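On a predicted model such as this, the values are computed, not experimentally measured, just so you know.
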Amino acid sequence: MTTDLTGTPPTWPPLARELFAACLTAASKSPHLWQAPAPRGDDVLREQLARILGASADLLTITAGIRAAALTYARTESRLAVERPTFPGAVRTMRAAGADVSLYDWAELPGTPADTAIWLTSPFRNPDGRSLSAAEHAVLAQLTATGRRVIVNGAYGWFGDSPRVPNADHLGSLHKIVGHGARLGWVVSADFFDRATAELIGTPPSPVWQRAWGLFLRDGGAGLLIEQNVVPALDAAAAFHHRLSVPNSGAPHALLTVRSGTDEAAALAYLADRSYRLNPGSDFFAAGTLRASFAGADAAVGERFGDVVARSALMAPALVGAA
């Protein structure tokens, strides 16, 4: 039986399914929700997300996810400097929408032209699990103080905290604990709502759907899904790093460096022969590496996989830290 470490979609415990069904029924019985467009987002949902995020509801705009928000930045920014490595989905969306997108290592981002918006992920960047260091956070804060647009993708904020960069736009979504089907995200920003009118006319989820999620979060639904999907993944990652005696970034994924003399295909084939399936790092603009996602795994899986990597001469865990 193959162990899939390419990123298993979140699953729902029965109690969470029952709770959401009740919340959806309640939301559907509110006549005004079928009539009001709620361009910034449902008030209940924004209040509940603000409570969870420790943000102001007045700064929070509901979107259909990270890539839906990326459409606005693709339209409103003259150029975008995006981190490398990174998950390619937002890059493809911005480029498809006509944006001028270039990829940079984190250390290079502050030196990009002043008219270029900066896009990066923290905490726990995919694929390598990196988060902003205190020094990197301070540099970005200096940039935003001068009016520079900095966009921080916080999709993995469910797995751990990361200090907000002052005056930056902070994005998030429910995808990592709920699944693609939620199609629900947000942006915390002083001016995103005003700039996103063109996209917000037609892309956000229905107000009825949003209210159902607001009620679900109010009644403890997020805790049920975190227990189901976040805790085991973090346990798996911790066990993996412990088996290899290397520092754990705290992310639910890890990057493996393919040793000199081999390549991604050979390393993937080696793992496939031992019933493990991973992503090639080249899919994330990180050639010469492999990405292991511990979503859907547990501590036992993490330890067994760590043992396979420890006995292999083809790869080694990439050590994550500030550049």
Salt bridge present between Arg46 and Asp43 (N-O < 4.0 angstrom): yes
Positive for side-chain contact (heavy atoms from CB on, under 4.5 Å) with Arg291, one of Asp128, Asn126, Leu5: Asn126
Quick one: does Glu199's side chain have a donor or acceptor within less than 3.5 Å of a partner on Ala68's backbone? no
Could you check whether the rings of Phe294 and Phe240 sit parallel, tilted or perpendicular, using 30° and 60° as the cut-offs? tilted
Note: Asn229 and Ile177 closest approach over all heavy atoms is ND2-O, 3.2 Å
Flag the pair Arg274 and Asp307 as a salt bridge only when some basic side-chain nitrogen lies within less than 4.0 angstrom of an acidic carboxylate oxygen. no
Anything under 30° is parallel, anything over 60° is perpendicular, the rest tilted; go ahead and classify Tyr156 against His253. perpendicular
How about Gln228 and Trp12: does a side-chain donor come under 3.5 Å of a side-chain acceptor? no
Distance in Å, Leu59 CG paired with Asp169 CG, rounded so as to fall on 0.5 Å steps: 10.0 Å
Any donor-acceptor N or O pair under 3.5 Å, side chains Asp191, Ser189: yes
Determine yes or no for a side-chain-to-main-chain donor-acceptor pair under 3.5 angstrom, with Asp105 supplying the side chain and Ala107 the backbone. no
Going from OG on Ser30 to CD on Gln35, what distance comes out if it is rounded to the nearest 0.5 angstrom? 11.0 Å
Kindly say whether the aromatic ring centers of Phe193 and Trp186 come within a distance under 6.0 Å. no
Indicate the atoms forming the closest heavy-atom contact of Thr144 with Pro166, along with that distance. OG1-O, 2.6 Å
With the threshold set at 4.0 Å, does a side-chain nitrogen-carboxylate oxygen contact exist between Arg218 and Glu47? no
